[in-house]
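Everything below concerns the one structure shown next.
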Amino acid sequence: MLTMHTILVTGGAGYIGSHTALLLHQQGHQIIILDSLVYNQSFDFPWAICIKGDVGDRHLLETIFTQYPITAVMHFAAFIEVGRSVTNPDLCYHNNVVNTLTLLNAMRDHGVSTLIFSSSCAVYGEPQRLPLTEDHSHNPLSPYGDSKHMAECIMHRYADAYGLRFVALRYFNAAGALPEHNLGERHEPETHIMPLLLRAAMHKKVFTIFGTNHATPDGTCIRDYVHVLDIADAHIKAYAYLQAGNQSTAFNLGTGHGFSVREVIGAVQEVTGLSLPIACAGRRAGDPAILVADATKAREVLEWQPRHSELHAMVRSAYQFALLQQEKPVSGIREVKQKQV
Ligand SMILES: NC(=O)c1ccc[n+]([C@@H]2O[C@H](COP(=O)([O-])OP(=O)(O)OC[C@H]3O[C@@H](n4cnc5c(N)ncnc54)[C@H](O)[C@@H]3O)[C@@H](O)[C@H]2O)c1
């Protein structure tokens, strides 16, 4: 029989955190979300307690860890924009590294030793070989990639010194949505290809391809897209892995199959039936031509299988979510449920 646990989900009002929180709730767990709602996003789902606050607020963490019998933390909260991390590394390092340290210290002081951490394929940098395995060297190309690498280093040291037990899940490109639960991707500003393409198609805006002369069959970048629900499922499996007493480690989460920007554009056009005005621009600095995961380790150790990550299915669900968003007034009528602690 499933034992209900209380799980703290930082960044749980965000894209991947919210899908994972829903899945955890469906497993019978109590969900405490801590999210600063940096994008003024609303979160009004009855299946979680959402506390508006900052992961870097040690006093608030004290209150939360004292008030709730938290058994594990899933740490999604971070700044995710690679470009902004280059122009404002201070913000990125502070939020993604310093605030993570504050969280780890609070966990240590309250005897919470189980952590699932949102890492990224950005830790690898320019691939020396493909597909990328977990033992590939870390040569991040941005402060964002650095921040994920640094957080992983800190977790390893905390594991040795304080008995932290963690799984770092290195996501490749999250995509797709759960429109039936009103969940999907809503970054502001949006930098991810699928919502950007859908916006461009729906509002007849030009979509710009950065780099058409990469060493790929059609010259555009190839990325490994994995459905957000498959990523959420990996968190459930990683939690079970740690509960079973296994040792701290990292897993890649990807399908092992990449799609080029032009292929994703084609899928968006096929699914929506809309035309897409396209412009081409030069390559962006630090954009590897191909990033594709070798997720054999997650498949073998966690028995994880990406079941929802077919490209057209991901586009379809993201499109359904975008249509739902369009029906809503721009400034949400949904009230943010903020719990005072
Ligand atoms: N989206 C992807 O494709 C992808 C790929 C690799 C790794 N990741 C990582 O996965 C995690 C989740 O990504 P996402 O796409 O869901 O991002 P997101 O921006 O949708 O969600 C992050 C959430 O964290 C919150 N947040 C940020 N800083 C906070 C703080 N200091 N205190 C409390 N809340 C804070 C934001 O309000 C937001 O709701 C991030 O750590 C990101 O780096 C994402």
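Just so you know, residue 1 is the first one in the sequence shown, and it goes up from there. Because the structure is predicted, anything quoted here is derived from the model rather than measured.
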Practice prompt. Would you sort out whether T255 and D224 count as a side-chain hydrogen bond (donor to acceptor under 3.5 Å, both in side chains), showing the intermediate values?
Written response: CA-CA 6 Å; T255 64; D224 188 336; 2.9 Å; yes
Do the side chain of [X] and the main chain of [Y] share a donor and acceptor less than 3.5 angstrom apart?
X    : Y    : result
R165 : N246 : yes
S309 : P306 : no
W47  : I31  : no
Q67  : I64  : no
H29  : I7   : no
N88  : L91  : no
T6   : Q30  : no
D35  : A13  : yes
Y241 : Q247 : yes
N96  : A78  : no

Short side-chain donor-acceptor distance under 3.5 Å, [Y] and [X]:
X    : Y    : value
E185 : H192 : yes
E270 : H312 : yes
H5   : Q243 : yes
H59  : E62  : no
T133 : D294 : no
D218 : T220 : yes
T249 : K297 : yes
Y158 : N105 : yes

Going by the rule side chain to side chain contact (heavy atoms under 4.5 Å, CB included), which residues pair with [X] if we only count those two or more places apart in sequence or in a different chain?
X    : answer
A168 : F117, S119, E152, F166, A250
T100 : H75, L104, A151
A215 : none

Worksheet entry | Derivation of the salt bridge (Lys or Arg N to Asp or Glu O under 4.0 Å) call for R223 and D287 | CA-CA 11 Å; R223 295 289 180 267; D287 232 358; 3.3 Å; yes
Fill in: Test log, rule side-chain contact (heavy atoms from CB on, under 4.5 Å), inputs I236 and L24
CA-CA 7 Å; I236 307 286; L24 286 165; 3.5 Å; yes
[atom1] of [X] to [atom2] of [Y]: how many Å apart, nearest 0.5 Å?
X    : Y    : atom1 : atom2 : value
L197 : I209 : CG    : CD1   : 8.5 Å
I265 : S260 : CD1   : OG    : 8.0 Å
R84  : C92  : CZ    : SG    : 9.5 Å
I231 : L23  : CD1   : CG    : 12.0 Å
L101 : R108 : CG    : CZ    : 8.5 Å
T216 : R262 : OG1   : CZ    : 9.5 Å

Using every non-hydrogen atom in the two residues, find where [X] and [Y] come nearest and quote the distance to one decimal.
X    : Y    : value
G17  : V9   : O-CG1, 4.1 Å
P288 : P127 : CB-CD, 3.8 Å
T208 : C280 : CG2-C, 4.5 Å
H203 : Q326 : CE1-NE2, 3.6 Å
R186 : S42  : NH2-O, 3.9 Å
F321 : P179 : N-CB, 3.9 Å

Discussion item. Ring-plane angle category for H308 and H227, please: parallel below 30°, perpendicular beyond 60°, tilted otherwise.
Written reply: tilted
Practice prompt. Check the pair L164, R157 against side-chain contact (heavy atoms from CB on, under 4.5 Å), reporting the backbone distance first and the verdict last.
Written response: CA-CA 9 Å; L164 175 73; R157 298 297 186 193; over 6 Å; no
Discussion item. Applying side-chain hydrogen bond (donor to acceptor under 3.5 Å, both in side chains) to Y239 and T114, what does each step give before you reach the verdict?
Written reply: CA-CA 8 Å; Y239 184 42; T114 303; over 6 Å; no
Worksheet item: Excluding sequence neighbours, so at least two apart, what forms side chain to side chain donor-acceptor pair (under 3.5 Å) with S275?
Response: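 Counting only residues at least two positions away or on another chain, S275 forms no side chain to side chain donor-acceptor pair (under 3.5 Å).
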Worksheet item: When clusters are formed from ILVMFWY side-chain contacts under 4.5 Å, directly or step by step, what else is grouped with I222?
Response: V123, Y124, L130, L132, F172, I290, L291, V292
Discussion item. If hydrophobic residues (ILVMFWY) are linked whenever their side-chain heavy atoms come closer than 4.5 Å, directly or via other members, who joins L141 in its cluster?
Written reply: none
Practice prompt. Look at R129 together with D135 and state whether they make a salt bridge at an N to O cut-off of under 4.0 Å.
Written response: yes
